[in-house]
Structures are given as structure tokens and as C-alpha cells.
Number of protein chains: 2
Amino acid sequence: MLFTKAFTSQALAAKLESLVDLSTEERSSLGALPIRQVDVPAGELICRAGDQLSSCFIVLEGFVSLSKETAAGTRQITAFALPGDMPDLLGLHLKVANHDLAAITPCRLASVEHSDLRSLCRTFPAIAEALWTSTLVAGSVFEEWVVNVGSRKATSRLAHLFCEMMTRLEALGLARNDVCDLPLTQVHLAEATGLSRIHVNRSLQELRKQELITYTNGRLTIHDRTGLAQMGQFDPDYLHVPRPGWRT
Amino acid sequence: MLFTKAFTSQALAAKLESLVDLSTEERSSLGALPIRQVDVPAGELICRAGDQLSSCFIVLEGFVSLSKETAAGTRQITAFALPGDMPDLLGLHLKVANHDLAAITPCRLASVEHSDLRSLCRTFPAIAEALWTSTLVAGSVFEEWVVNVGSRKATSRLAHLFCEMMTRLEALGLARNDVCDLPLTQVHLAEATGLSRIHVNRSLQELRKQELITYTNGRLTIHDRTGLAQMGQFDPDYLHVPRPGWRT
DNA sequence: CGTCGTTTTGACCGCCTTCAACTATTGTGG
DNA sequence: CCACAATAGTTGAAGGCGGTCAAAACGACG
């Protein structure tokens with residue numbers, strides 16, 4: 001890892017402002033939050049479940065996976081964190097991380113001391129509320145994933161995941177015209193959907209055959225938005241993004 | 001439903017005090033929180049996904065399920081709420097419920113206006129922190145459920161669920177000597193684990209055959225704690241209860 | 001050009017689902 | 001107190017979805 005001193009990027013501020021209104025004072029205090037910038041190469045672990053942390057991360061650039069090890073040595077990915085997300089904000093109040101964090105792509109993170117964050121929350125309740133809300137949304141996404149892996153068939157699970165990622169990336173301005181960079185290998189998809197690598201491959205072929213998507217070289221294109229949403233039983237409400245752009 | 005005016009029971013206060021230390025003033029303000037008491041008969045819906053609520057519930061007595069409908073008309077249960085839990089606290093900041101709430105047993109609930117709760121949080125930051133923390137724990141449980149339904153086999157899923165419920169009920173003083181009332185039908189278990197009703201039945205027989213549990217008439221007895229924990233790959237950390245009482 | 005990770009294909013097998021029927025238990029009204 | 005209905009649990013048989021194993025094709029990169 002490579003460390004640099006810096007100040008908070010726009011990523012977090014943008015995220016929080018999508019949840020609550022911030023005054024100029026709050027915005028500038030947020031910008032002045034002292035952070036340590038951290039660069040992590042692709043594939044590297046950022047922290048492990050059980051780690052006791054005195055700071056938490058903000059994703060500035062890149063894709064981060066949240067995962068848990070299972071007995072057989074396999075991983076279950078429980079969520080993906082994108083720029084603006086704080087994948088271990090839970091540690092602010094609970095002290096121990098309860099999942100592994102790994103950089104899927106090369107990532108730029110900001111590390112914020114819990115003490116700094118806590119005093120910021122004390123001074124500006126609106127910021128505390130925004131952070132709280134962001135953890136609620138994260139919880140809501142976990143809950144939807146329970147439904148996804150618990151009750152849908154392989155093609156539906158993948159369709160749902162693609163809809164979710166497209167929606168979130170659009171909200172970040174990282175997708176346009178139903179095209180986005182989604183740098184996940186089929187192994188990542190398998191670990192996120194609770195399927196085997198091989199069955200993911202075959203299910204992707206099925207989605208292609210039905211002309212719903214193309215997905216090559218980490219680039220996802222959705223050809224039939226409503227068709228994919230139907231296949232994945234996708235309803236964007238649980239993501240709580242302002243204007244989802246999916247018609248039911 | 002049957003409504004009565006009343007004041008907050010000990011259930012919530014006890015729950016919050018397990019998460020943060022409260023001053024006597026905070027404790028009494030919490031007790032003075034105006035609530036409307038609601039009694040719900042077994043099997044009845046409490047609210048639906050998508051409802052816009054101006055108040056939220058505290059479970060005082062009984063078992064509540066959180067669930068989402070899927071396309072085929074089936075349900076996926078995403079969590080169980082026990083006394084002291086606030087299963088739709090999410091609505092405090094996000095306005096819309098994102099799951100159905102249903103009374104599994106006859107339930108006594110307390111309904112608290114969001115405005116009252118919000119002003120209480122504003123006056124006592126420690127209470128806000130405790131509530132925030134409780135939502136973080138709930139999120140942590142969702143995350144573990146993703147792992148459970150995403151990566152474990154039938155018997156493991158059930159074993160894990162039983163370990164979780166036993167741990168939580170113990171923390172509430174509702175279990176003793178590895179015995180607790182767990183008023184869930186096999187259909188509930190199926191909906192919570194993402195299995196079919198029939199396979200739940202057969203997996204339960206397997207757990208009994210291995211002399212890990214008995215489970216009849218809504219009463220769970222764990223005969224082999226470590227064996228069950230191993231089968232379910234259960235590690236109580238994610239529940240964030242003070243003293244779990246499971247040896248690794 | 002060889003190496004390593006990723007994707008793809010084929011064959012086989014098993015966990016779990018589905019369908020159908022039967023039993024046990026609980027509750028209700030005559 | 002019994003008849004009946006309704007709910008919950010159990011058993012059997014058949015079949016499908018997806019897992020596992022093995023190997024080949026493909027692509028990126030040094």
C-alpha cells in the first residue's frame with residue numbers, strides 16, 4: 001500500500017448530498033476532514049474480518065469487494081463498494097470489521113480516523129444523519145441480496161446483479177447509454193451470486209442468447225433493460241438512489 | 001389491531017443499554033417516549049414493502065418476520081425481529097419500508113412517531129448512537145444471511161439459523177440450558193433458508209439423527225452446542241451480543 | 001514465446017425441488 | 001363429545017438445476 005496525505009475528494013460529499021441537504025459550512029468541514037490516502041493494487045486484501053480498526057475507509061476510485069470466508073475455503077461476496085462508499089463504516093460503532101475487504105481493481109482509498117469522524121458527527125448532526133442513512137441503504141442492499149441468493153434461479157441472480165450495478169454506476173455518472181465498465185471476472189460473479197464458476201459461464205451464455213446483455217472484457221452492455229429487469233425481478237427501490245431510470 | 005396508549009417498556013431500553021452506556025437522564029427520557037401500544041394477532045401483516053410510514057415499531061413481545069415477496073408468489077424471510085428490536089427503523093431516514101412485516105406469534109408492539117424519535121436523538125446523541133448501532137447490527141445480520149443462503153448446504157443453513165436464534169434469545173433471557181421457544185413452522189424455516197418445505201423437513205430429520213437438536217411444537221433444544229455450531233459454521237461475532245457463550 | 005489467469009466445453013452426478021398422497025395435530029361448531 | 005375442517009408435518013418417487021471434475025481454448029503480459 002502507498003500512503004499520501006490529502007483531503008477528502010468529492011466522492012464522499014457527493015454521496016452524502018444525495019441523501020441529505022448539507023449547508024456550505026457542513027460541506028466545507030467535510031472537505032477539510034483529514035484523511036490519509038491509500039493506494040491498493042488489484043487483488044490485494046485491504047482488511048480482514050475480525051480486524052480491530054481505529055479508522056475507516058472511503059472508496060475514492062475503483063471496485064472493492066466485501067466478502068466472508070466459508071469453511072471450504074470458498075468466499076461469499078456480500079456486496080460491492082463503489083466510489084463514495086464506506087465499506088467498513090460499521091467499525092465506527094462496532095469496533096471490529098465483520099467482513100474482508102479486497103481491491104478488485106487498483107483502488108484509491110481515503111482512510112479517516114474514527115475520532116475525527118466522530119467529532120465531525122457531533123458538530124454537524126446532518127452529517128451524522130447522512131452517514132447513518134448510508135449505512136441503512138447498505139443494509140437494505142444486503143437484505144435484497146438475501147432475497148437474490150435465497151430465492152432466485154441462476155440467470156435471475158445474474159440479471160439482478162447486473163441491474164443493481166448498472167443503476168449504482170449510473171447514479172455515480174460511471175455509466176451511459178446502458179453501458180458501463182464492470183471489471184468483475186466470472187469468479188467474482190460466482191462468489192457474489194452463490195453459484196459455481198461454471199454455471200455462471202453457462203448462465204451468461206443464456207443471457208446473451210436471449211439478447212439481454214453483452215458482457216466481455218469487464219464491459220457490460222444492457223440491450224433490453226425491461227427484459228433484464230423482468231428476468232432479475234429487479235425493482236430499484238431498495239437502492240434508494242434519486243432517479244433510477246428503470247420503468248416498471 | 002388493538003391500540004392502547006402506554007409508555008415504552010423495558011425491552012428497548014435494555015437493548016440499547018447493551019450497545020451503549022446511558023445516563024439516568026437518558027434512560028428516563030427513553031422511558032417517557034410517547035408510544036401507542038399495538039396488539040397484533042398471529043399471522044397478521046403489520047406493514048408492507050413500499051408503505052410510507054410516519055412512525056416505527058418496537059417489538060415488545062412476540063416474533064416478527066421481515067420478508068419480501070418474490071415473483072412466483074413465494075416469500076423470502078430476510079430476518080426475524082425479537083423483543084427490543086425495531087424492524088423498520090430504516091424508515092426513520094428513508095421514508096419507505098422495504099420489506100413486509102408479519103406477526104409470527106401474537107405480538108405486542110409499540111409504535112413511535114418518527115418526529116418524537118428524531119427529537120429524542122437530537123437531544124441525546126448517545127441514544128442516536130445506540131439506535132444507529134442497532135441498525136448496524138441488523139445490517140451485519142443481513143450480511144451473514146447472504147453467506148448462509150448463498151454458500152451453505154441445507155443442514156448447515158438450518159444449524160446456523162438455530163445457533164443464531166438461540167444466541168439472540170439467550171441474550172434476551174428467553175433461553176436457558178440450551179432450550180428455547182422458537183415458534184417457527186417448517187414453512188418459516190424454509191422461507192428463511194431459501195429451501196423447500198420438504199427439504200427442510202428432511203434436513204431436520206438429519207439434524208435429529210445426528211443428535212444435535214430436537215425441535216418439536218415450536219420448542220428448540222440444542223443437545224450438542226459445538227457440534228451444531230460446526231455444522232452451521234457458526235461464529236457469533238456478527239451478532240455483536242455481549243457474551244455469546246459459544247466456545248470456538 | 002511461454003506462462004498464468006480467465007473463459008469455455010463436455011460428461012457425470014447429487015442436492016434439492018416438485019408433485020402427490022398420507023398422517024398427525026389443532027381448532028371449531030353442532 | 002364428536003365430526004369436520006384446517007394447518008402442520010411426513011413419506012415416496014421422479015426429475016431438474018446446478019455442482020464437480022477434467023481438459024481444452026483463449027487472452028493478457030512479461
Side-chain angles (χ1 to χ4, degrees), chain A residues 41-44 63 65 70-77 102-106 148-161 181-209 213-220 231, chain B residues 41-44 63 65 70-77 102-106 148-159 181-209 213-220 231:
Chain A
E44 196 157 300
F63 273 62
S65 70
T70 66
T74 63
R75 295 195 312 170
Q76 173 72 44
I77 292 178
I104 292 177
T105 62
N148 201 38
V149 297
S151 69
R152 292 198 258 262
K153 304 218 169 294
T155 47
S156 292
R157 290 188 208 178
L158 287 168
H160 188 95
L161 180 59
D181 286 322
L182 191 68
L184 305 175
T185 67
Q186 294 185 2
V187 174
H188 288 130
L189 296 176
E191 291 174 338
T193 52
L195 298 165
S196 72
R197 184 169 43 94
I198 284 125
H199 202 63
V200 164
N201 183 285
R202 293 187 167 126
S203 302
L204 284 176
Q205 293 178 35
E206 179 62 26
L207 291 181
R208 278 192 282 256
K209 204 178 90 186
I213 62 159
T214 55
Y215 185 54
T216 36
N217 299 326
R219 170 158 296 227
L220 170 68
M231 161 137 290
Chain B
E44 197 157 297
F63 272 62
S65 71
T70 65
T74 63
R75 295 195 311 171
Q76 173 72 45
I77 293 179
I104 293 179
T105 62
N148 201 38
V149 297
S151 71
R152 291 198 258 263
K153 303 220 167 294
T155 46
S156 292
R157 291 188 208 178
L158 287 168
D181 286 322
L182 191 69
L184 304 175
T185 66
Q186 294 185 0
V187 174
H188 289 130
L189 295 177
E191 291 175 338
T193 52
L195 298 165
S196 71
R197 182 168 46 93
I198 284 120
H199 201 63
V200 164
N201 183 287
R202 291 184 170 130
S203 303
L204 283 177
Q205 292 178 35
E206 180 62 27
L207 292 180
R208 278 192 282 257
K209 204 179 90 185
I213 62 159
T214 55
Y215 185 54
T216 36
N217 299 326
R219 168 157 298 225
L220 170 69
M231 162 136 291

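Side-chain atoms are counted along with the backbone in the values below, which use heavy atoms only and exclude waters and symmetry mates. Here the structure is a predicted model, which means the values were calculated and not measured. Letters A, B, ... mirror the listed sequences (proteins, then strands); counts begin at 1.
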Subject >> Short side-chain N/O contact to dT11(D) OP1/OP2 from Gln205(B), under 4.0 Å >> reply: yes
Original post:
So do Met231(B) and Lys153(B) actually touch side chain to side chain, heavy atoms under 4.5 Å?
Top reply: no
Subject >> Spacing of Leu189(A) atom CG relative to dG18(D) atom P, expressed in whole Å >> reply: 15 Å
**OP:** Could you tell me which residues satisfy side chain to side chain donor-acceptor pair (under 3.5 Å) with Thr70(B), sequence neighbours excluded, listed by chain and number?
**Re:** Thr74(B)
Original post:
Between atom CG in Leu204(B) and atom C1' in dA8(D), what is the gap in whole Å?
Top reply: 13 Å
Subject >> Atom-pair distance (CG on Asn217(B); P on dG9(D)), nearest Å >> reply: 9 Å
**OP:** Report the distance from atom CG of Leu182(A) to atom NE2 of His188(A), rounding to the nearest 0.5 Å.
**Re:** 10.5 Å
Original post:
Side-chain N or O of Asn201(A) less than 4.0 angstrom from OP1 or OP2 on dT7(C)?
Top reply: no
Original post:
Tell me, do Arg75(A) and Ser65(A) make a side-chain contact under 4.5 Å, heavy atoms counted?
Top reply: yes
Original post:
Could you write nucleotides 13-20 of chain C as a row of B, S and -, 5' to 3', where a protein heavy atom under 4.0 Å of any base atom gives B, of only sugar-phosphate atoms gives S, and otherwise -?
Top reply: ---BBBB-
**OP:** Would you mind reading off the distance between Tyr215(B) atom OH and dG9(D) atom C1', rounded to a whole angstrom?
**Re:** 12 Å
Subject >> Protein-nucleotide distance (Gln186(A), atom CD; dG27(D), atom P), rounded to Å >> reply: 14 Å
Original post:
Does any non-hydrogen side-chain atom of Thr105(B) lie less than 4.5 Å from one of Asp181(B)?
Top reply: no
**OP:** Drop me the distance from Tyr215(B)'s OH to Leu158(B)'s CG, to the nearest 0.5 angstrom.
**Re:** 9.5 Å
Original post:
How close or far is atom C1' of dT8(C) from atom NZ of Lys209(A), stated in whole angstroms?
Top reply: 16 Å
**OP:** Nearest whole angstrom, please: distance from the C1' of dG19(D) to the CD of Glu191(A).
**Re:** 15 Å
Subject >> Spacing of Leu207(B) atom CG relative to dG9(D) atom P, expressed in whole Å >> reply: 15 Å
